[in-house]
Protein chains: 4
Amino acid sequence: MSSQESILDLILKEEKNITNKQKKILIAAIEAFSDKGYAATSTNEIAKKAGVAEGTIFRHYKTKKDLLTAILTPLVHTLIAPFIVKDFFSKVLDLSYNTFEEFIRAIVYNRLEFLKKNQALFKILIQEIPFHEDLRELFKEQIAKKIFKRMEELVESFKAKSEIIDIPTYSSVRLTVTSIFGYFIARYILLPEAKWNDEEEIETTIQFILYGLTPRK
Amino acid sequence: MSSQESILDLILKEEKNITNKQKKILIAAIEAFSDKGYAATSTNEIAKKAGVAEGTIFRHYKTKKDLLTAILTPLVHTLIAPFIVKDFFSKVLDLSYNTFEEFIRAIVYNRLEFLKKNQALFKILIQEIPFHEDLRELFKEQIAKKIFKRMEELVESFKAKSEIIDIPTYSSVRLTVTSIFGYFIARYILLPEAKWNDEEEIETTIQFILYGLTPRK
Amino acid sequence: MSSQESILDLILKEEKNITNKQKKILIAAIEAFSDKGYAATSTNEIAKKAGVAEGTIFRHYKTKKDLLTAILTPLVHTLIAPFIVKDFFSKVLDLSYNTFEEFIRAIVYNRLEFLKKNQALFKILIQEIPFHEDLRELFKEQIAKKIFKRMEELVESFKAKSEIIDIPTYSSVRLTVTSIFGYFIARYILLPEAKWNDEEEIETTIQFILYGLTPRK
Amino acid sequence: MSSQESILDLILKEEKNITNKQKKILIAAIEAFSDKGYAATSTNEIAKKAGVAEGTIFRHYKTKKDLLTAILTPLVHTLIAPFIVKDFFSKVLDLSYNTFEEFIRAIVYNRLEFLKKNQALFKILIQEIPFHEDLRELFKEQIAKKIFKRMEELVESFKAKSEIIDIPTYSSVRLTVTSIFGYFIARYILLPEAKWNDEEEIETTIQFILYGLTPRK
DNA sequence: GATGAATGAGGGTTCATTCAT
DNA sequence: TATGAATGAACCCTCATTCAT
């Protein structure tokens with residue numbers, strides 16, 4: 001978990017031969033988009049923040065929209081990475097998930113850690129999703145489908161073992177995902193200035209999911 | 001529940017002496033803001049959609065931002081209305097809440113019904129919250145604080161009766177609210193085009209909350 | 001001199017059957033035009049200041065320009081009144097002007113008194129003259145020509161008596177008028193906030209004109 | 001005197017690295033503001049006159065007001081330049097001012113020449129002064145104070161030599177300045193279309209000031 | 001590759017004026 | 001007569017994007 005990568009590393013890795021100026025542009029754009037939103041951020045503003053001429057931005061990214069895409073695509077890919085890598089959970093994280101609790105605990109900690117590390121980027125993603133058809137499509141194709149597919153397998157194996165209650169798989173996945181993201185959104189987007197006892201909240205959230213999905217004896 | 005009012009009725013009631021054109025402007029603005037977002041909607045666009053001269057918008061709403069506020073303020077007030085009316089749940093809904101389940105069931109159905117009826121408006125609210133300091137303040141003061149206060153009382157009474165598990169009250173409120181809104185956002189904002197079995201999903205959500213918060217015997 | 005009339009009286013006399021609202025409009029317009037200039041004053045602003053509907057202004061004055069004209073025309077007429085009334089100086093002011101000094105003294109006190117009483121109006125006149133061809137024409141036809149004509153007669157009579165030096169009549173008139181208006185403009189338009197010892201300045205101005213135009217013995 | 005610089009030269013010198021388009025904008029703005037007044041001139045109009053896109057204006061001057069300031073500031077500085085340069089009159093103009101007449105003659109010719117060369121600019125300055133607080137402040141601080149200070153020294157030296165009459169220094173300065181500007185305003189702003197015998201008028205004006213301020217023997 | 005001046009369409013907003021009530 | 005809602009042209013200004021240097 002401590003080896004998780006931050007946004008920029010990911011982007012820089014994805015785009016080869018990245019110049020120093022390009023790097024500055026990306027950092028500036030992420031900060032600006034995150035703070036004021038994509039539509040309300042001007043390219044002039046990004047250029048100034050990056051200490052770069054406005055034209056330089058367009059040399060690297062044909063349009064402003066391209067810049068947004070360049071920022072969000074790596075995030076989406078990394079967000080779902082653990083779910084598409086074969087046996088990611090067992091191999092990479094070295095966990096065998098004998099129990100549903102272990103699984104939930106691993107996934108919550110892992111993804112919340114990731115979200116926290118990439119707050120700004122993720123903030124941009126969920127802020128912009130309602131306004132961009134293509135982003136929504138990307139989200140649906142990548143995040144929704146791929147995460148769902150992997151979770152489905154795992155959830156069904158737990159269901160077979162009667163470790164979780166008998167509700168439609170997609171419902172339990174949705175409820176799980178919603179609970180995790182719900183915490184993140186409340187924590188970092190809706191009420192960022194409130195006092196939060198993060199450890200306790202995360203543990204409570206895990207318990208909530210577990211209680212909500214495991215059967216009474 | 002069937003007597004719940006829709007957005008526009010609320011706005012029209014709040015603003016007396018509303019013109020016919022003004023009404024058209026509000027309807028057009030709600031549709032446009034909901035579809036493309038506040039920043040990406042031009043006043044010219046709203047005017048055309050409303051069949052009105054652009055200047056007419058500014059006769060009624062000094063700025064574009066004022067128009068947004070005029071749209072969202074009544075929503076916020078109505079969204080929290082059930083929580084500030086004394087004994088709303090028992091009197092208006094004619095329920096006595098002997099059990100936590102009855103309470104959850106009532107609140108989920110009631111607020112989801114309301115959100116569904118005011119989809120467009122609520123979509124605007126959550127889409128714009130990240131970009132407007134004042135909206136965030138309004139949300140925090142009204143929705144977060146007032147809903148929380150009322151829920152807190154109820155939840156604590158259930159906790160006293162050992163009907164729900166012993167976790168911090170604010171956590172259980174957050175988890176409940178997150179689960180309800182989580183369904184709404186997934187349903188109407190993130191994946192509106194997916195097929196949804198609404199009745200089943202709602203019931204599952206209720207069960208999830210109940211299981212997640214009630215103690216094992 | 002004490003019987004001199006103020007702006008509004010003049011206007012109200014000129015326009016018969018003036019309503020109360022119309023009066024309020026004129027007062028408001030004079031104040032606004034004087035403060036911010038004609039071009040920078042909106043009819044909406046005037047309406048508000050007058051406590052009148054915007055439409056009411058246009059019921060009485062077809063255009064904004066008409067309103068300006070309605071304000072300035074009486075001023076121009078009154079400004080030149082003393083110069084066109086036959087024997088104004090000797091009859092009305094009860095002076096016989098045996099000497100040039102008496103003449104200058106009378107005219108300076110009389111017109112400065114008038115300007116002071118109608119500061120706002122006169123401020124509008126000289127502020128707007130550079131921007132309105134018709135105003136400039138009115139000024140030229142009325143003020144320049146008519147004042148000049150009368151002054152010319154008087155000045156030439158003094159010149160004949162060798163009471164003033166032998167320079168072109170139009171020059172001496174210009175220098176006299178310039179000196180009077182020069183004081184007024186410096187006093188009320190350019191440096192209104194400076195401390196002014198009015199009595200002394202006026203007396204000095206009179207002396208200056210006298211010395212400047214009368215011959216050395 | 002023949003070496004006096006014109007407006008644009010001054011502005012271009014003040015603002016380094018001036019673009020060709022920027023130069024065109026300044027020329028167009030000066031012409032337009034001078035003709036129709038600042039408030040009545042649209043930026044679109046200036047752009048067309050300058051053969052430039054409207055956006056180009058705002059690239060160089062953040063606001064329309066900034067454009068006005070960029071035009072007028074150099075004028076003010078140059079207008080007062082002779083008065084702040086040490087010994088300007090004696091050194092640069094190579095005059096020793098043994099007499100008050102020499103002094104007046106030099107100053108009238110010099111400043112009227114300057115005003116004539118910069119008619120349009122000066123017209124803008126006096127047209128806009130009544131409407132802009134900051135311009136009035138600039139005028140007061142620069143022109144009024146600095147010119148006054150220098151004139152005061154000279155006038156007092158003449159007063160000591162009994163070359164001019166014993167009236168308050170500020171009065172004699174005001175009367176002198178008013179007489180010069182009075183001619184200019186009558187000549188170029190109020191009655192530009194009248195026939196003027198400039199040489200004669202200037203000589204008469206000088207005589208007027210001299211007579212008005214020098215004592216009778 | 002990097003610049004930044006230049007563009008012109010489009011942004012939100014103001015305005016004088018009209019007209020049904 | 002008086003109103004004030006409605007208009008739409010025009011206003012100042014911002015913007016993403018282009019291109020000569």
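Computation of the quantities below employed the complete heavy-atom set of this structure, encompassing side-chain atoms and omitting hydrogens, waters and symmetry-equivalent molecules. To find a chain, count down the sequence lines: A is the first, B the second, and so on, and within it residues start at 1.
Place A:Gly55 and D:Lys62 on DNA chain F by their nearest nucleotides, and D:Lys62 ends up nearer the 5' end. Between C:Arg59 and D:Ala53, the residue anchored closer to the 5' end of DNA chain E is D:Ala53, taking for each the nucleotide with the nearest heavy atom. The 5' end of DNA chain F is approached more closely, in terms of each residue's nearest nucleotide, by C:His60 than by the other of D:Lys64 and C:His60.
Distance from the side chain of C:Phe58 is smallest for E:dA16 among the nucleotides E:dT3, F:dC12, E:dA16. The side chain of C:Thr56 has F:dA2 as its nearest neighbour among E:dA2, E:dT3, F:dA2. Out of F:dC12, E:dT7, F:dT3, the shortest distance to the side chain of D:Glu54 is found at F:dC12.
Between D:Asn20 atom CG and E:dT7 atom P the separation is 11 Å, expressed in whole Å. For the pair C:Asn44 CG and F:dA6 C1', the interatomic distance rounds to 14 Å; values are reported in whole Å. Per the geometry, NZ belonging to D:Lys48 stands 12 Å off C1' belonging to E:dG8, to the nearest Å. Here the P atom of nucleotide E:dT14 and the CD1 atom of C:Ile46 are 17 Å apart, to the nearest Å. Atom pair C:Ile57:CD1 and F:dA2:P shows a separation of 12 Å (rounding to whole Å applied). Taking atom CD on A:Gln22 and atom P on E:dG1, their separation rounds to 9 Å, with Å as the unit. In this structure, the CZ atom of B:Phe33 is 12 Å from the C1' atom of E:dG12, given to the nearest Å. D:Lys65 has its NZ atom 11 Å from the P atom of F:dC13, to the nearest Å.
By the neighbour-count criterion of 12 heavy atoms within 6.0 Å, atom NZ of B:Lys48 is sparsely surrounded, having that number or fewer from other residues, nucleotides or ligands. The local environment of NZ in A:Lys62 is sparse, with at most 12 non-hydrogen atoms from other residues, nucleotides or ligands closer than 6.0 Å.
Base pairing annotation: E:dA20 forms a Watson-Crick or G-U wobble pair with F:dT3, both donor-acceptor distances under 3.5 Å. Across all strands shown, F:dA9 is found opposite E:dT14 as a Watson-Crick or G-U wobble partner, with both distances under 3.5 Å.
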*asked:* Pair B:Leu26, B:Tyr61 - check side-chain contact (heavy atoms from CB on, under 4.5 Å), show working.
replied: CA-CA 10 Å; B:Leu26 285 170; B:Tyr61 306 95; 3.4 Å; yes
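Remark: C:Glu133 engages C:Arg136 in a salt bridge, criterion side-chain N to carboxylate O under 4.0 Å.
A:Ser42 comes within contact range of the sugar-phosphate backbone alone, with a heavy-atom separation under 4.0 Å but no base atom that close.
Relative ring orientation between B:Tyr38 and B:His132 is described as perpendicular, the plane-to-plane angle rising above 60° on a 0-90° scale split at 30° and 60°.
For D:Thr19, no side-chain nitrogen or oxygen approaches OP1 or OP2 of E:dA5 to under 4.0 Å.
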